[in-house]
2 protein chains.
Amino acid sequence: MQLSKTSQYAIRILAYMADKKDSQLINAAELAETLYIPYKFLTKIMTELVKVDLVTSIRGREGGYKLKKEISDIMINDILDLFNDSIKDEQCVLGIGFCNGLCKCALHDQWMKPKFLLQKMFRESSLEDIAGRGCKK
Amino acid sequence: MQLSKTSQYAIRILAYMADKKDSQLINAAELAETLYIPYKFLTKIMTELVKVDLVTSIRGREGGYKLKKEISDIMINDILDLFNDSIKDEQCVLGIGFCNGLCKCALHDQWMKPKFLLQKMFRESSLEDIAGRGCKK
DNA sequence: TTATAATTCTACCTGTAAGTAGTATTTGGA
DNA sequence: TCCAAATACTACTTACAGGTAGAATTATAA
């Protein structure tokens with residue numbers, strides 16, 4: 001019952017970048033060390049974030065990454081969607097899913113409320129909302 | 001962001017057994033077919049449930065399984081704990097965890113409420129509470 | 001111009017959850 | 001007694017998330 005490592009890392013990375021001043025480049029080594037994320041795994045994630053236009057990359061010496069959009073425009077749910085990790089309306093806590101719009105799962109009723117809260121939290125929280133908390137060990 | 005297959009299956013199995021009359025034996029083939037769970041995987045889970053005394057097994061011809069405890073005494077959280085799948089107090093949504101009793105995760109505040117609701121749901125729901133819903137596809 | 005520091009690409013390795021196969025064991029009924 | 005039907009045990013396979021390695025590419029500073 002938790003987010004994938006990839007999603008966790010991506011959120012921590014973007015939250016950290018959101019705390020930096022605009023136009024300030026941050027390189028992979030700094031991110032990896034500060035956030036305790038394996039360097040090679042981090043660069044793989046960064047390349048993904050660049051591809052979907054959340055981050056701009058500058059290659060070569062003195063290069064690095066910076067956020068491409070306003071921090072108020074990047075929602076946590078957008079990040080989760082990249083790694084297929086957001087909570088879908090039809091997601092059943094017991095892995096059964098909906099049939100004809102109806103979930104017959106034993107825990108259906110109890111699951112509705114926390115599911116809604118999680119969706120709301122992910123959909124309505126932007127990087128701006130969570131900025132300033134840092135995100136360290 | 002979901003329970004492991006093993007936990008999902010275990011809950012569905014026990015919920016189905018809870019709907020049956022007391023002292024009625026149910027065999028693995030019936031459970032596997034009814035609940036769409038791979039037979040071999042199911043028997044592995046059943047053996048585990050027997051070991052932790054949630055279920056009694058009768059071997060040999062005309063054998064099968066039945067619940068060992070009252071359905072009001074088997075909480076969902078107990079089942080999740082078997083497979084290390086319950087939500088711990090110190091569990092951080094971003095995988096950072098608590099340090100000196102303090103979580104510095106960016107999503108900490110938003111995570112508290114749905115986490116609490118999930119824990120409450122798992123801890124306070126017994127097989128009796130979810131009985132009667134069936135648990136089918 | 002060249003060494004160096006950075007991202008990117010391709011491919012591989014590893015650990016774990018999920019699932020499968022085959023055999024052994026137990027037990028009731030014909 | 002013996003077969004069939006059931007669970008239990010041991011071991012293996014598969015799929016995928018997580019992680020690693022190394023070379024290619026890019027770009028700046030000296």
Side-chain angles (χ1 to χ4, degrees), chain A residues 1-13 17 24-68 79-86 94-96, chain B residues 1-13 17 24-68 79-86 94-96:
Chain A
M1 201 66 185
Q2 57 178 3
L3 297 176
S4 66
K5 282 275 184 206
T6 307
S7 290
Q8 292 179 357
Y9 289 161
I11 294 172
R12 283 160 57 186
I13 291 164
M17 295 178 75
Q24 184 173 352
L25 284 182
I26 309 172
N27 67 37
E30 175 185 346
L31 289 169
E33 283 164 26
T34 311
L35 303 174
Y36 301 90
I37 300 172
Y39 175 81
K40 282 289 196 177
F41 196 21
L42 178 133
T43 58
K44 191 191 278 187
I45 294 172
M46 294 313 292
T47 302
E48 190 64 25
L49 296 178
V50 169
K51 277 190 182 140
V52 298
D53 265 355
L54 283 180
V55 165
T56 304
S57 68
I58 310 288
R59 297 178 65 165
R61 187 164 174 169
E62 305 287 299
Y65 304 97
K66 67 179 179 187
L67 292 179
K68 193 165 184 179
I79 305 169
L80 298 184
D81 268 336
L82 295 180
F83 308 104
N84 203 31
D85 223 358
S86 66
L94 294 188
I96 293 174
Chain B
M1 200 66 184
Q2 57 178 2
L3 298 176
S4 67
K5 283 274 183 208
T6 307
S7 290
Q8 292 178 358
Y9 290 161
I11 294 172
R12 282 159 60 185
I13 290 165
M17 295 177 76
Q24 185 173 352
L25 284 182
I26 309 172
N27 66 38
E30 175 185 347
L31 288 169
E33 284 164 26
T34 312
L35 302 175
Y36 301 91
I37 299 173
Y39 175 80
K40 281 289 195 178
F41 196 23
L42 179 133
T43 59
K44 192 191 280 187
I45 294 172
M46 295 313 292
T47 302
E48 190 63 26
L49 296 179
V50 169
K51 277 188 184 144
V52 297
D53 265 355
L54 284 180
V55 164
T56 304
S57 68
I58 310 288
R59 297 178 67 163
R61 186 163 172 165
E62 305 288 301
Y65 303 96
K66 68 179 176 187
L67 292 180
K68 194 165 184 180
I79 306 169
L80 298 184
D81 267 336
L82 296 179
F83 308 105
N84 204 29
D85 223 357
S86 65
L94 294 188
I96 292 175

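Values in this document were obtained by computation on a predicted structure and should not be read as measured data. Naming convention: chains lettered A, B, ... in sequence-line order (proteins, then strands); numbering from 1 in each chain.
- Between Leu67(B) and Leu54(B) the shortest side-chain heavy-atom distance does not fall below 4.5 Å.
- One can place CD of Glu48(A) at 11 Å from P of dC9(C), the figure rounded to the nearest angstrom.
- The nearest whole Å value for the distance from the CD1 atom in Ile45(B) to the P atom in dT7(D) is 14 Å.
- Going from atom CD of Gln2(A) over to atom C1' of dT16(C) covers 13 Å, rounded to whole Å.
- With sequence neighbours left out, Tyr39(B) forms a ring pair (Phe, Tyr, Trp, His ring centres under 6.0 Å) with no residue at all.
- The separation between Leu31(B) atom CG and dA6(D) atom P is 12 Å, rounded to whole Å.
- Across all strands shown, Tyr9(B) has heavy atoms under 4.0 Å from sugar-phosphate atoms exclusively, and none from any base.
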What protein N or O atoms touch nucleotides 2-8 of chain C N or O atoms at under 3.5 angstrom, if any, and at what distances?
from: dA5(C); atom 1: N3; to: Arg61(A); atom 2: N; distance (Å): 3.3
from: dT7(C); atom 1: OP1; to: Ala28(A); atom 2: N; distance (Å): 2.8
from: dT7(C); atom 1: O2; to: Arg59(A); atom 2: NH2; distance (Å): 3.3
from: dT8(C); atom 1: OP1; to: Ser57(A); atom 2: OG; distance (Å): 2.6
from: dT8(C); atom 1: OP2; to: Tyr65(A); atom 2: OH; distance (Å): 3.2

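- Taking atom CZ on Phe41(B) and atom C1' on dA15(D), their separation rounds to 13 Å, with Å as the unit.
- Checked against side-chain hydrogen bond (donor to acceptor under 3.5 Å, both in side chains), Asp85(A) has the following partners two or more places apart in sequence or in another chain: Ser4(A), Ser7(A).
- Atom NZ in Lys5(B) sits roughly 12 Å away from atom P in dC16(D) (whole-Å rounding).
- Remark: the Lys44(B) side chain and the dG19(C) base include a donor-acceptor N/O pair separated by less than 3.5 Å.
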Which atom pairs, one a donor and one an acceptor, fall under 3.5 Å between side chains of residues 45-53 of chain A and the rest of the protein, sequence neighbours left out?
from: Thr47(A); atom 1: OG1; to: Thr43(A); atom 2: O; distance (Å): 2.9
from: Asp53(A); atom 1: OD1; to: Lys68(A); atom 2: NZ; distance (Å): 2.9

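- With sequence neighbours left out, the ring pair (Phe, Tyr, Trp, His ring centres under 6.0 Å) criterion links Tyr9(B) to Phe41(B).
- The distance between atom CD of Gln8(A) and atom P of dG19(D), rounded to the nearest whole Å, is 10 Å.
- Scanning for side-chain contact (heavy atoms from CB on, under 4.5 Å) contacts around Gln2(A) gives Gln8(A), Gln91(B), with sequence neighbours left out.
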